[in-house]
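Predicted model, so just to flag it, every value in this text is computed and none were measured. Lettering follows sequence order; numbering is per chain, from 1.
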Amino acid sequence: MADSIDQAGEIRSYTMNFGPQHPAAHGVLRLVMEMEGETIIRIDPHVGLLHRGTEKLAESKPFNHSIGYMDRLDYVSMMCNEHAYVRAIEQLVGVTPPERALWIRTLFDEVTRILNHLMWIGSNALDLGAMAVFLYAFREREELMDVYEAVSGTRMHATYYRPGGVYRDLPAKMIQYKESRWHKGKDLKRMNAWREGSMLDYLEAFARDFQHKVDEYEELLTDNRIWKQRTVDIGIVSPEQAYALGMTGPMLRGSGIEWDLRKKQPYAKYAEVDFDIPVGTHGDCYDRYLVRVNEMRQSGRIILQCVDWLKKNPGPVMIENYKVAPPKREDMKESMEALIHWFKLFTEGFSVPAGETYAAVEAPKGEFGCYMISDGANKPFRVHLRAPGFAHLSSINETTAGHMLPDVVAMIGTYDLVFGEVDR
Amino acid sequence: MKRVTEYLKSLLLLELAAGLWVTLKYLFKPKYTLRFPMETIPRSVRFRGLHALRRYPNGEERCIACKLCEAVCPALAITIDSAPRASDGQRRTTRYDIDLFKCIYCGFCEESCPVDSIVLTDILEYHMERRGENVITKPQLLAMGDRFEKSIAANRAQDAAYR
Ligand code: SF4
Ligand code: SF4
């Protein structure tokens, strides 16, 4: 501070560090800010503190081995990352998963979207001073994580999607709370009310109830004057700017551009479900908030449609191409050929024809893409991951310069940054 | 007229009161939280927690040292040495180490094992106190399997149709 006052006693701009250990930085973000009083002149993001070399790591492993590492990129939208990766492999190998698997993927992409947006609404509100939303959002997250756990066995890093389908079919029984000293009788029955039937029944009950939960979040925030003072007219991004800065997802839609890969380049079963793309008008933090809240409602709608289809149409969830997908466990124990496929697949994986491809999904944060080159081996020659957060963060100087210091926190929240994917 | 109502609404803090009403209602609703160490959230039969090595009902260890799990492990967390067993010359592991710090709990080892030997149990509450305890050895893994065989088998049976 001393250097910022020169001999004549005039105050010049000074440089300040924000993070990497700042509670509002959403991870290990370091911003170097040039400030004039409380106004920001220039802001310079420093990334790479969470760099784990996922892309390079993928080059040293058979294709399937890296699925688990995709979960750990954007660790609040796990299955969407897996989706982009397995789609890239599928495009190169030239296989199409069975229909049921595609519906399951659609369903879980939307579950993931809600998970992500709940995390976003909670942390964004918490950063701007509203504690209650965070607690309510995490309650719903908990319920969806139980769904993750029911299908994949983990609450976050699922490793559930596979080239050629998904690992296991949806369970017929939902996990239930057990009796304890504090929860028994009627109380236990209330807690298990949704969990009596299958996992799909549970999700249906959740999706119906969720719309009311979103109403509650809106009640707490949408008209709230403090929330509006912190978000309206903060970080305005014009449509032209949004294009030029490579924005995707809610950042782009908040500026009024109706672009959504689920509609424009449908993958999985998005062409067959009915939903709207919410768009903003003004391109400020408040509009992006409205867009995301609305997306949660749309995701609820899509979930209901997927549940409906999945209930009516049982079937296989994995292709029966033993060059790519392992045979059934039972077959492996009886048939010699299946056993050979089994050993071959689990030791050296499968070889992918030489070529290159790009597969993108509409992840909750924007376009998450996987560019993959194969030279015909059982490992990728090169994997590049296009993370939406990276493109967004690089625009922070354009959007935030000229604002006050507290607005940086609002901006980080509205970018919905997760450093797992920014730094990869 | 509209401006007057807007002004009155704003003056009376109506939107803040609506928000507070939401939170007030929750004050009287049943609590969502559990008393953790005494009661836990339900755990799926597919849960992927701490590893264990299983035995056949006759007490013979299942593992045949095929090393599939070692090959499939993306984190290179498993280390296996094998040799013919002294007593009957069967191929068995002499060393089976899993480094829990490297493991990413992906479940591939269980998925690949042709004899259902290595499994991921539904145990998630464990800790290490000293450096080196993160590497669990074959006797420890077998002991885990012996101790929890009942729940391991029950969970596998429930999920058998999907695997
Ligand atoms: S769970 Fe995955 S990372 Fe852990 S030991 Fe098994 S294969 Fe390796
Ligand atoms: S645990 Fe299973 S996969 Fe691993 S070496 Fe033993 S038999 Fe093979």
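Within a 6.0 Å sphere centred on CE of A:M336, heavy atoms belonging to other residues, nucleotides or ligands number 12 at most. Counting non-hydrogen atoms of other residues, nucleotides and ligands closer than 6.0 Å to CD of A:Q211 gives a total above 12. Heavy atoms from other residues, nucleotides or ligands lying under 6.0 Å from NZ of B:K31 number more than 12. In this structure, B:R91 places its CZ atom where more than 12 heavy-atom neighbours from other residues, nucleotides or ligands lie under 6.0 Å away. Counting non-hydrogen atoms of other residues, nucleotides and ligands closer than 6.0 Å to OH of B:Y126 gives a total above 12. Counting heavy atoms of neighbouring residues, nucleotides and ligands inside a 6.0 Å radius, atom NZ of A:K56 does not exceed 12 of them. More than 12 heavy atoms of other shown residues, nucleotides or ligands fall within 6.0 angstrom of atom NZ in B:K29.
For the set B:D159, B:V22, B:L68, B:V115, the entry with the most heavy-atom pairs within less than 4.5 Å of chain A is B:L68. For the set A:P326, A:S152, A:P62, the count of heavy-atom pairs under 4.5 angstrom toward chain B peaks at A:S152. Among the candidates A:E330, A:R139, A:K61, the residue making the largest number of heavy-atom pairs closer than 4.5 Å to chain B is A:R139. No other option in A:S180, A:A172, A:G153, A:A150 has as many heavy-atom pairs under 4.5 Å with chain B as A:G153. Counting heavy-atom pairs closer than 4.5 Å to chain B, the top-ranked of the candidates A:R190, A:R181, A:R195, A:E348 is A:R190. Contacts with chain A were tallied for B:P114, B:A18, B:G19; B:P114 has the most, counting heavy-atom pairs under 4.5 Å.
Contacts between residues 218-229 of chain A and chain B, counted as heavy-atom pairs separated by less than 4.5 Å, involve A:E219, A:L220, A:D223, A:N224, A:R225.
Between B:K25 and A:E216, no side-chain nitrogen of the basic residue sits less than 4.0 Å from a carboxylate oxygen of the acidic one, so the salt-bridge criterion is not met.
Residues B:P74 and A:H65 share a closest heavy-atom pair of CB-O, 3.4 Å. Residue B:R48 comes nearest to A:T154 through the heavy atom pair NH2-OG1, 3.4 Å, listed as atom of the first residue, atom of the second, then distance. A:Q176 and B:P42 make their closest contact through O-CB, 3.0 Å (heavy atoms, listed as atom of the first residue, atom of the second, distance). Nearest heavy-atom pair, B:R46 versus A:D169, reported as atom, atom and distance to 0.1 Å: NH2-O, 2.8 Å. Nearest heavy atom pair, residue B:I104 against residue A:R72, reads O-NH2, 2.7 Å. Contact record, B:L34 with A:M191: CD2-CE, 3.7 Å, taken as the closest heavy-atom pair.
Between B:F108 and A:F346, the gap from one ring centroid to the other reaches at least 6.0 Å.
Contact annotation for B:Y32: only side-chain heavy atoms (C-beta onward) come within less than 4.5 Å of a heavy atom of chain A. In this structure, the portion of B:R35 lying under 4.5 Å from any heavy atom of chain A is its side chain and not its backbone. At a 4.5 Å heavy-atom cutoff, the contact between B:C113 and chain A is made by backbone atoms alone. Contact annotation for A:E149: both backbone and side-chain heavy atoms come within less than 4.5 Å of a heavy atom of chain B. A:M174 does not touch chain B: none of its heavy atoms, backbone or side chain, sits under 4.5 Å away. Heavy atoms closer than 4.5 Å to chain B are found nowhere in A:V317, neither backbone nor side chain. Within the 4.5 angstrom heavy-atom criterion, no atom of A:A130 approaches chain B. Heavy atoms closer than 4.5 Å to chain A are found in both the backbone and the side chain of B:D116. If you measure heavy-atom distances from B:E111 to chain A, the contacts under 4.5 Å come from both the backbone and the side chain. The contact between A:F343 and chain B is made by backbone and side chain atoms together, counting heavy-atom distances below 4.5 Å.
Side-chain atoms of A:E142 and B:I41, non-hydrogen and from C-beta on, do get closer than 4.5 Å to each other.
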In sequence, state the C-alpha distance, the side-chain angles, and the governing distance for A:W182 and B:E39, and then conclude on side-chain contact (heavy atoms from CB on, under 4.5 Å). CA-CA 9 Å; A:W182 299 275; B:E39 47 177 0; 4.1 Å; yes
Yes or no on side-chain contact (heavy atoms from CB on, under 4.5 Å) for B:Q158 and A:K173, after CA distance, side-chain angles and deciding distance? CA-CA 10 Å; B:Q158 269 196 55; A:K173 245 172 74 192; 3.9 Å; yes
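Panel note: side chain A:W342, backbone B:S112; a donor-acceptor pair is recorded below 3.5 Å.
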